[in-house]
Amino acid sequence: MSANYLDGLNDRQREAVLTLQGPLMIIAGAGSGKTKVLTTRIAHLMRNGVDAFNILSLTFTNKAAKEMKERVEKILGSNEARNLYIGTFHSVFARLLRADAPKMGYPSDFTIYDADDAKSVVKTIINELNLDDKHYKPNLVYNRISAAKNSLIGPEAYQVDYYLQQEDQRASRPLTGKIYDMYVKRCYKNGAMDFDDLLFKMYQLLKGFPDVLAKYQHKFKYIMIDEYQDTNPAQYEIVKLLGAVHENICVVGDDAQSIYSFRGATIQNILQFEKDYDDVKVVKLEQNYRSTKSILHVANEVISKNKGQIEKNLWTDNVEGDKIKLVRTNTDNEEGKMVADSIAELKLRNHFANRDFCILYRTNAQSRSFEESLRRQAIPYRIFGGLSFYQRKEIKDFIAYLRIIANSRDEEALKRIINYPVRGIGKTTIEKVSIFANDQNITFWEVLERANEFGFKGGTLEAIANFVIMIQSFRVMLDKHNAYEVAVQVGKSTGIVKELFNDKTTEGLARYENVQELLNSIKEFTETPTEDGELLDDKSLGIYLQQITLLTDADNTNDENSDVVKLMTIHASKGLEFPVVFNVGLEEGLFPSGLSINSREELEEERRLFYVAVTRAKSRLFITYANSRYRFGQLQQNEPSRFLEEIPEKYLDRSYAGGGLRNSASMGGGGGASWGTMFDKRKAPGAPAGPSRPAQQEPRPRVISSPAATNHTPSANFTADDPANMEVGMDVEHQKFGFGKITSMEGAPNNRIATVMFPKAGGEKKIMLNYAKLMIVRQ
DNA sequence: CGATCAGTCTTTTTT
DNA sequence: AGACTGATCG
């Protein structure tokens, strides 16, 4: 009865929680207790008589939604919270669309295409138009389509939009609009929506069907939106429509943490919220409960370099804490080693657990050197992001069967498994089916069903017929059996499970286990009733498929009890916090990304990203960068990131050498051979080697290949030397060309080109030192 | 038809 | 360096 859940709030937080009516904007600085405010506010609404069914709460990740629901339940001490409409934009809209999709000609259990499926459709269309897919890159075209949808521009509008047409002309891809048009029609024919459709179609539904709009306007009397700074125009318009009647809209966000513009998000949504409604109340949460003063100082300094922010002053009562440790290494591998050594040492000296550490990088590709070094130290780790469980090949293959069972129009799924496992339906046949389907304007599946009418004969016809019968038998089964039982049957009938079981390689074993895990997850799903008690029987398969498509890696694998070091991109770390954070790869071209330094807007977004990275840390923060690293197979020399210059020297500790076990960062510069790590990396293949393959107890990292990818090098101790040290007259070794002598040298200091005489490899060759790997044999 | 191999191309972040 | 594609051979 008593509202003692209000007791733990500070004044600002309480004000936000108590403001229930009218438009409200909460500017929530990093670590300011945003989730607490959101959940308490929902609880407070419910305590004040608002029915959970009338509250819509949109979050950025599924995990955040789940967490909020649990916390509301805890505050209220009841399970009423299960009736809240809470989830990501995409998952909530998918659920709403299920009810009304037929109004727009889609099946209610429409398939949701993930980015891979969507790109595949785009590619098919590009090929059908006989366009060169090297000019019309499916990726680029798809991104363009995606951006259009997120701005609510349909194919018709796209093709008459002067500005967009100009852009496509300039990129010499004038037919992009045409592809867009065909893409939309093809998805429709396939009974499928892509990620962006979940927003676009939702908008069209509300716009095109006033009764539906009225229904939801009435239903959602209170709307809350988290991470508002990362919403796009489509989301903005939908929210505006839904909230138009009651105007009880509460948005929460932090303009300083807007990092998703590449996905169509626009920071303008939050900057202009005050102008969108009359009498907007603004509450700023400025007290940070997460980080030390040192960390917060750095964060504030960094973000102050951006222009046009909502004014705020983030402060904390926490201790001063250690200075930020700034560490420079020679190479990316040394960076990895330094981080792993430091983790080992901190565990030893300060009794940190593995789970207290997080390594944050700008791009997924950077994980490699950390994986290697952590393995060498036998420190268990887990990579978040990248492929989600459901995007692994073996899982996607299996799921493709379920998809085609649930929706016979799903051409992408069909093409994926029509010949997996091999059953004699090859490329030529698929091509033919495709052409018939397009000509007759029927689905791929229908052509298969009526294969004899289209002139297929002999073995091919038989193979098709058997396939069709098998899929039909699964569909029949679905009437009396749940999704799990059908899935098990699929595994049996197709022979997939058996095939994987018989593959005794490490990868094969992992794949087999993954499929078993998939079956378990289906079982769990079929045995758990939905939130609003929806009956699951016949529809369950379609709903299951829709849900898993919207899951990300970070959503489902976040078991707090596993004690592992976490690795992820900064984007993926949004909303999380860790006692010790390593922010790595602070180099020009990498962070800020070389693709984002050409406009003020892009650069500022990179800076916000850095701000996000810094504010993830609770007590200790390391920032690292390397003089050189391999990128796309080439050795690159990098300048330190410009962001580092923006941090006042007084907040930095540059003396940290890394782990204390060995000084891995012998300050580059002059002197020839240095590099403490030069030798331990490549224990010659035959050498007795210590823990050559540690970490058996690893928490099953994703299926990664080759633990110790040893290059088959001419010399056992081959090491690429720093180009800066090379001079005319030196004897050198090249991985491919063998031994040679440098006869002359040219080019700019940072891009030197050596002419090398290789007696055994056809004489003189010009070698770009930044790219090729040369080792100095004799100076 | 399908598996293997060499040659080509990429080059940010993700619901 | 790694993924992907196209060509070649069984």
Side-chain angles (χ1 to χ4, degrees), chain A residues 58-65 87-94 112-116 118-119 123 133-134 137-140 142-143 146 149-150 193-199 227 230-232 234-235 258-265 332 360-366 368-369 384-388 390-391 393 419-430 459-460 463 547-555 568-574 585 589-597 602 605-606 608-610 612-613 629-636 704-706 709 711 720 735 771 773:
Chain A
L58 298 168
T59 61
F60 197 71
T61 62
N62 293 296
K63 190 186 135 223
T88 63
F89 277 90
H90 291 83
S91 60
V92 169
F93 292 169
I112 297 175
Y113 278 170
D114 67 13
D116 284 339
K119 280 173 197 169
K123 193 174 173 189
D133 60 12
K134 283 182 183 128
K137 291 180 185 157
N139 226 327
L140 293 178
Y142 170 69
N143 286 342
S146 173
K149 286 187 179 177
N150 282 323
M193 296 193 195
D194 65 18
F195 282 151
D196 306 312
D197 282 333
L198 295 177
L199 306 180
E227 308 283 9
D230 284 319
T231 52
N232 64 36
Q235 292 164 326
S258 165
I259 54 174
Y260 277 96
S261 74
F262 69 92
R263 213 169 79 188
D332 45 357
L360 293 178
Y361 35 75
R362 175 70 242 264
T363 66
N364 281 306
Q366 282 166 265
R368 198 212 87 247
S369 64
F384 288 82
L387 282 192
S388 94
Y390 297 100
Q391 288 172 312
K393 188 185 170 301
N419 202 29
Y420 170 78
V422 177
R423 54 173 68 87
I425 305 179
K427 221 167 126 189
T428 332
T429 308
I430 293 173
T460 308
Q547 287 190 1
I548 59 174
T549 310
L550 297 172
L551 286 181
T552 63
D553 190 32
D555 287 330
M568 63 185 86
T569 64
I570 301 167
H571 281 90
S573 76
K574 193 158 99 157
L590 223 206
F591 194 14
S593 159
L595 300 171
S596 303
I597 52 175
E602 288 175 315
E605 179 149 323
E606 293 284 311
R608 289 194 293 270
L609 198 52
F610 186 42
V612 169
R629 75 171 60 239
Y630 277 97
R631 266 188 105 187
F632 321 125
Q634 297 182 150
L635 187 67
Q636 289 194 340
I704 328 167
S705 54
S706 72
N711 290 338
Q735 277 188 301
Y771 301 153
K773 300 170 197 170

Report the nucleotide, chosen from B:dT15, B:dA3, B:dT12, that has the shortest atom-to-atom distance to any side-chain atom of A:Arg263.
B:dT15
Residue among A:Glu602, A:Glu605, A:Arg362 satisfying side-chain contact (heavy atoms from CB on, under 4.5 Å) with A:Ser593:
A:Arg362
Below the 4.0 Å mark, does C:dC4 have OP1 or OP2 next to a side-chain nitrogen or oxygen of A:Lys137?
no
Within the structure, does a side-chain N or O atom of A:Asn364 lie under 4.0 Å from either OP1 or OP2 of B:dT13?
yes
Report which part of the nucleic acid A:Ser91 touches: base, sugar-phosphate, or nothing (heavy-atom distance under 4.0 Å, all strands).
nothing
Which comes earlier along DNA chain B counting from the 5' end, the contact point of A:Arg423 or that of A:Ser596, where each point is its nearest nucleotide?
A:Arg423
Rounded interatomic separation in angstrom, taking CD1 from A:Ile259 and P from B:dT13:
13 Å
Please give the distance between the P atoms of B:dT13 and C:dC4 as a whole number of Å.
15 Å
Integer-rounded Å distance: B:dT15 P and A:Tyr260 OH
6 Å
Within the structure shown, what part of the strands sits under 4.0 Å from A:Lys123 by heavy-atom distance: base, sugar-phosphate, or nothing?
sugar-phosphate
Toward the 5' end of DNA chain B, by each residue's nearest nucleotide, A:Arg631 or A:Asp196
A:Arg631
A:Ile548 atom CD1 is separated from B:dT15 atom P, nearest whole Å, by 15 Å
Quick note, A:His90 side chain, CB onward, closest among B:dT14, B:dT15, B:dC1 is B:dT15
Given B:dT14, B:dT12, B:dT15, which nucleotide is nearest the side-chain atoms of A:Leu595?
B:dT12
Stacking check A:Phe262 vs B:dT13 (5.5 Å / 30 deg)
yes
Is NZ or CZ of A:Lys63 both nearer than 6.0 Å to the six-membered ring centre of A:Phe384 and within 45° of the ring axis?
no
Would the distance check show the side chain of A:Asn62 and the main-chain N or O of A:Leu550 forming a donor-acceptor pair, the cut-off being under 3.5 Å?
yes
Atom pair distance, as rounded to whole Å: OH in A:Tyr142 and C1' in B:dT15
10 Å
Over how many whole Å does the gap from A:Asn143 atom CG to B:dT12 atom P extend?
10 Å
Reckon A:Asn419 touches a base, only the sugar-phosphate, or nothing at all at heavy-atom distances under 4.0 Å?
sugar-phosphate
Using modelled atom types only, decide if a donor and an acceptor are shared between the side chain of A:Asn139 and the backbone of A:Lys119 within a distance under 3.5 Å.
no
Can you check whether A:Thr569 has a side-chain N or O nearer than 4.0 Å to OP1 or OP2 of B:dT14?
yes
Considering only heavy side-chain atoms of A:Ala572, the closest of B:dT14, B:dT13, B:dG2 is B:dT14
Can you tell me the distance, in whole Å, between the CG atom of A:Asp116 and the C1' atom of B:dT14?
12 Å
Rounded to whole Å, CZ of A:Phe89 lies from P of B:dT14 at a distance of 19 Å
Does the side chain of A:Ile570 reach to within under 4.5 Å of the side chain of A:Tyr361, using non-hydrogen atoms?
no
In whole angstroms, how far is the P atom of C:dA1 from the CG atom of A:Asp332?
12 Å
Decide side chain to side chain contact (heavy atoms under 4.5 Å, CB included) for A:His571 and A:Phe262; before the verdict, give the C-alpha distance in whole Å, the side-chain angles of both, and the deciding distance to 0.1 Å.
CA-CA 12 Å; A:His571 281 90; A:Phe262 69 92; 3.7 Å; yes
